[in-house]
Enquirer: 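A single structure is presented below for examination.
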Amino acid sequence: YDLDDWGGRDHGNANADLGGNDSALKNGGGLYYLNNNEESESMLQIRNCSFLQNKTLRKGGGIYASGTNEERIVLNLSNCIFDNNLSFDEGGAIFLENSSDYGQDHVIKDCVFTKNKATFEGSAISYIHFRGYGNLQIVECIFFENYATLLGTCIYFEVQESLVSKSMLDLQSSIFEKNRTMFGADGTLVFVLTEGTNKNNSLVLNMDACKTKSNDSNSALIAVGFDLRCRFSNCEFNEKGNNTRQFIDLFDTNSEFSQ
């Protein structure tokens, strides 16, 4: 499914601007996408679109995209704006989930996330992968003044019962500024949770040429689970003290810092 300069809401029907929608008890305030093609992979490609002031009491204030083992999806976003979207659950701007024995590579590029909110995890992006492996690459994106009550204000990345050793959150040349959480929760920028097997000290978070500034966290800006490692290269952490270890909660001492 391919959307370019698209407007409207719900199930891919085009009408008006994609903004100001209230989906009440439905998932997906701006766009709801569920792959219904049995035994077929579906590409959801969205370019040059704006998701503005959408809200839902459930998941995915801006976008809800879901696939299963037989009806798996791949998400590809470019040059989109997500502003003031709200989820009273998780995924203020985007909620993405896959349950597949196959691998998926999702890409979000040249997008702007501003003032999105989630009551629980991931005010900008919440991604959950249940089986197999799934990679999420975020390139040249801006995250500004997003807010979550619990974990992972900008990005919440979770893999369950999966081949964790093949799953990665890859952040490239992105900017994180003035994002915040409440209640001392970890992960104002990123929270990575893994409950799968085959971890083997796997590289699950790669962060290259990213910049952070004036983010508000009562705990760690970046939190990553046990038996995993991260790589930080050419990044600028412009927070109080300007010390990456002060702001990153890592349970694996083998993580790499090449700031």
Side-chain angles (χ1 to χ4, degrees), residues 1-36 42-68 71 73-99 106-129 136 138 141-158 179-182 191:
Y1 203 95
D2 194 336
L3 304 177
D4 194 346
D5 293 311
W6 180 78
R9 83 154 307 277
D10 242 353
H11 309 286
N13 299 313
N15 47 59
D17 292 330
L18 211 159
N21 296 297
D22 184 352
S23 66
L25 295 177
K26 297 180 181 179
N27 289 311
L31 170 68
Y32 174 92
Y33 187 85
L34 176 66
N35 183 12
N36 291 319
S42 175
M43 167 74 78
L44 175 58
Q45 184 162 278
I46 304 175
R47 301 184 301 270
N48 307 314
C49 293
S50 296
F51 295 79
L52 312 174
Q53 299 180 13
N54 302 288
K55 62 182 178 179
T56 176
L57 293 177
R58 299 186 69 182
K59 298 175 180 179
I63 296 174
Y64 174 91
S66 179
T68 65
E71 299 96 16
I73 64 169
V74 174
L75 179 66
N76 194 326
L77 295 179
S78 62
N79 197 32
C80 292
I81 296 173
F82 295 84
D83 180 71
N84 267 296
N85 298 287
L86 170 64
S87 166
F88 285 95
D89 196 325
E90 59 182 305
I94 300 171
F95 178 83
L96 170 64
E97 66 177 355
N98 255 329
S99 178
H106 310 282
V107 179
I108 300 174
K109 185 176 181 181
D110 295 322
C111 293
V112 177
F113 298 85
T114 57
K115 298 183 179 180
N116 301 287
K117 298 180 178 66
T119 300
F120 298 111
E121 297 92 0
S123 64
I125 301 167
S126 181
Y127 173 56
I128 300 176
H129 195 94
L136 175 60
I138 297 174
C141 291
I142 295 174
F143 297 85
F144 182 74
E145 290 189 350
N146 298 286
Y147 171 82
T149 304
L150 291 180
L151 305 174
T153 297
C154 293
I155 304 165
Y156 178 81
F157 181 87
E158 178 179 342
N179 303 285
R180 62 192 179 100
T181 55
M182 282 187 68
F191 187 91

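Numbering of residues begins at 1 and proceeds along the displayed sequence.
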Enquirer: In Å, rounded to the nearest 0.5 Å, how long is the span from SG of Cys80 to CD1 of Ile46?
Expert: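 If I round to the nearest 0.5 Å, the distance is 6.0 Å.
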Enquirer: Measure the spacing between CZ of Phe95 and OH of Tyr32 and express it to the nearest 0.5 Å.
Expert: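 Here the interatomic distance stands at 11.0 Å.
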Enquirer: Looking at side-chain heavy atoms only, is the closest gap between Leu75 and Gln45 below 4.5 Å?
Expert: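 The answer is no, as the side chains (C-beta and beyond) never meet within the 4.5 Å cut-off.
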Enquirer: Output the distance between atom CG (Asn85) and atom CG (Asn54), rounded to the nearest 0.5 Å.
Expert: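 Taking CG in Asn85 and CG in Asn54, the distance rounds to 5.0 Å.
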Enquirer: What's the separation between atom OG in Ser123 and atom CD1 in Ile94, rounded to the nearest 0.5 Å?
Expert: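 Here the interatomic distance stands at 11.0 Å.
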Enquirer: Would you call the rings of His106 and Tyr127 parallel, tilted or perpendicular if under 30° counts as parallel and over 60° as perpendicular?
Expert: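 Answer is perpendicular, since the angle exceeds 60°.
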Enquirer: If you round to the nearest 0.5 Å, how far is CD1 of Ile142 from CD1 of Ile81?
Expert: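 Interatomic distance, Ile81 CD1 to Ile142 CD1, rounded to 0.5 Å: 10.0 Å.
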Enquirer: Can you tell me how far the CG atom of Asn146 sits from the CZ atom of Phe82, to the nearest 0.5 Å?
Expert: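 Output value for this atom pair is 11.5 Å.
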Enquirer: If you take all heavy atoms of Glu97 and Ser66, which pair is closest and at what distance?
Expert: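 Looking at all heavy atoms of both residues, the shortest contact is OE2-OG, 3.0 Å.
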Enquirer: Indicate whether the side chain of Ser126 and that of Glu121 have a donor and an acceptor atom separated by less than 3.5 Å.
Expert: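 Their side chains do not contain a donor-acceptor pair, so the 3.5 Å distance test is not met.
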Enquirer: Please report the shortest heavy-atom distance between Phe51 and Gly62, naming the atom on each side.
Expert: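 Answer, listing the atom of Phe51 first, then Gly62: CD2-O, 3.6 Å.
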Enquirer: For Lys115, does the NZ atom have more than 12 heavy-atom neighbours from other residues, nucleotides or ligands under 6.0 Å away?
Expert: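 Counting neighbours around NZ of Lys115, 12 or fewer heavy atoms of other residues, nucleotides or ligands fall under 6.0 Å, so no.
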Enquirer: Ile125 and side chain to side chain contact (heavy atoms under 4.5 Å, CB included): which partner among Ile108, Asn116, Leu77?
Expert: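 Filter result, single survivor: Ile108.
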Enquirer: If I compare all heavy atoms of Ala118 with all of Gly92, which pair ends up nearest, and what's the gap?
Expert: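 The pair with the smallest heavy-atom distance is CB-N, 3.9 Å.
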Enquirer: Hey, mind stepping through Glu90 and Ile128 against side chain to side chain contact (heavy atoms under 4.5 Å, CB included) and telling me if it holds?
Expert: CA-CA 11 Å; Glu90 59 182 305; Ile128 300 176; 3.9 Å; yes
Enquirer: Is it the case that Asp83 and Thr114 place a side-chain donor and acceptor less than 3.5 Å from each other?
Expert: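 Judged by distance alone, the side chains do pair up.
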Enquirer: Give the minimum heavy-atom separation between Ser87 and Gly91, together with the two atoms involved.
Expert: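 In terms of heavy atoms, the two residues are closest at CB-O, 3.6 Å.
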Enquirer: Between the side chains of Tyr147 and Glu145, does any donor sit under 3.5 Å from an acceptor?
Expert: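 There is no such pair between these side chains.
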Enquirer: For Cys154 versus Phe143, what's the shortest heavy-atom pair and its separation?
Expert: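 Nearest heavy atoms, Cys154 then Phe143: SG-CB, 3.7 Å.
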Enquirer: Could you check if a side-chain atom of Leu44 sits within less than 4.5 angstrom of a side-chain atom of Val74, using non-hydrogen atoms only?
Expert: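 Sidechains of Val74 and Leu44: no contact.
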Enquirer: Under a 3.5 Å threshold, yes or no: a donor from one side chain and an acceptor from the other, between Asp110 and Asn79?
Expert: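 The answer is no; no qualifying pair exists.
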Enquirer: Donor-acceptor check, side chain of Asn27 to backbone of Gly60, threshold 3.5 angstrom: yes or no?
Expert: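 No, Asn27 side chain to Gly60 backbone: no donor-acceptor pair under 3.5 Å.
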Enquirer: What do the steps show when you test Leu86 against Thr56 for side chain to side chain contact (heavy atoms under 4.5 Å, CB included), and what is the final call?
Expert: CA-CA 6 Å; Leu86 170 64; Thr56 176; over 6 Å; no
